[in-house]
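Note on naming: letters A, B, ... go to the chains in the order of the sequence lines (proteins, then strands), and numbering restarts at 1 for each one.
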Amino acid sequence: MNRSAKDDLAKDDLARDDGRGAISRRHLLAGAATSALLGTLRPAEASQRTETTQSAIRRFAGEAEIRGGRVSLDLPPLVENGNTVPLTVAVESPMTEADHVRRIGIFNEKNPQPNVVTLHLGPRAGRAQVATRIRLADTQRITAIAEMSDGTYWSASADAIVTLAACLEG
Amino acid sequence: MARALINLPKTAKAGDVIEIKTLISHPMETGFRPGPDGRILPRNIITEFLCRFEGEEIFRAELFPASAANPYLTFTTVATRSGTFQFTWRGDGGFDQTETATLTVA
């Protein structure tokens, strides 16, 4: 999918947001006055973000060069429910004492906090492949960065379009 | 005690790469979500998962609020000898739970 088509989809997503907001509001009306709450319903506003993705990645990798490749990141391109999104990350590595994956960091772009999960592996893993489930607050790009035992860093990214954001609903 | 599910083969041959699946029931409250009264619910997540085999760390994960509720992790290890795996989850509010599972290597 090219960039502009994706942007259009993202816009569609925003346009539909009103409808979704109405559902959330209905939920909330039961308990509380609404107008003051609407601000807090937007999960991933820049103001809520604790750290930028870039600085979180730098905290993980230091000043090392991060190259593309060797990592594969698998998550569904279209996510119906952002509250639970299956994610699998794998790294091409023989996983021997001399050459293995030390760490894998997963980072998001638009959740309130950039870190998703940090995995510590070693030669005992046999295979560098981990699966988990994550939350996505918005349509965004996910990045996985692997640190090898030789100190090199490799990365891969994947885009996910989210129709129902995490944090909004129950 | 939160309910934890651990799935791994009972037996394996030496040198086999075995897959371990773990899941623990936990709300993983993000700390970014308003509750019914409109106030932000305090963060309550599992921050660390650790898997040891006979005391030796073989896998560790640092978890953040972006982990889904009931954190689920699948990872692998090389079967070397018979022994016990220890799985430990730690988190906010002093959450600390350890489960064990045994593997027989033929």
* To do: Spell out, as yes or no, whether a donor-acceptor pair under 3.5 Å connects the side chain of A/Arg133 to the backbone of B/Ala68.
  => no

* Report yes or no: does A/Thr132 contribute a side-chain atom to a donor-acceptor pair with the main-chain N or O of B/Leu73 at less than 3.5 Å? => no

* To do: Identify which of A/Leu119, A/Leu121, A/Thr118 forms the greatest number of heavy-atom pairs closer than 4.5 Å to chain B.
  => A/Thr118

* Do B/Phe49 and B/Ile18 belong together in a cluster built from hydrophobic side chains that touch within less than 4.5 Å? -> yes

* Asked: Does the distance from a Lys or Arg side-chain N to an Asp or Glu carboxylate O, for A/Arg124 and B/Glu57, drop under 4.0 Å?
  -> no

* Just one of A/Ile106, A/Asn115, A/Ile134, A/Asn111 clears the side-chain contact (heavy atoms from CB on, under 4.5 Å) bar with B/Phe64, so which one? -> A/Asn115

* Using non-hydrogen atoms only, which part of B/Ala69 is less than 4.5 Å away from chain A: side chain, backbone, both, or neither? -> both

* For B/Glu62 and A/His120, does a side-chain donor sit closer than 3.5 Å to a side-chain acceptor? -> yes

* To do: Check the hydrophobic clustering (I, L, V, M, F, W, Y; side-chain heavy atoms under 4.5 Å; chains of links allowed) and say if A/Ile145 and A/Val117 are grouped together.
  => no

* Rounded to the nearest 0.5 Å, how far does CZ of B/Phe32 lie from CD of A/Gln113? -> 5.0 Å

* To do: Count the heavy-atom pairs under 4.5 Å between each of A/Val116, A/Thr84, A/Asn108 and chain B, then report the option with the highest count.
  => A/Val116

* Joint hydrophobic cluster, B/Leu8 plus B/Phe75, side-chain heavy atoms closer than 4.5 Å -> yes

* Asked: Considering all heavy atoms of both residues, which atom of B/Thr76 and which atom of A/Ala125 are nearest to each other, and what is their separation?
  -> OG1-O, 2.8 Å

* Asked: When only pairs under 4.5 Å are counted, which of A/Gly126, A/Pro123, A/Ala131 shares the most heavy-atom pairs with chain B?
  -> A/Ala131

* So which of B/Pro71, B/Pro65, B/Cys51, B/Gly31 has the biggest tally of heavy-atom pairs under 4.5 Å with chain A? -> B/Pro65

* Who wins among A/Met95, A/Gln129, A/Arg103 for the most heavy-atom pairs under 4.5 Å with chain B? -> A/Gln129

* Under a single-linkage definition using a 4.5 Å side-chain heavy-atom cutoff for Ile, Leu, Val, Met, Phe, Trp and Tyr, are A/Val130 and B/Ile6 assigned to the same hydrophobic cluster? -> yes

* Path from B/Leu41 to B/Met28 over hydrophobic side-chain contacts below 4.5 Å -> no

* Portion of B/Leu23 that has a non-hydrogen atom of chain A nearer than 4.5 angstrom -> side chain

* Structure fact -> Honestly, the part of B/Phe53 sitting under 4.5 Å from a heavy atom of chain A is side chain

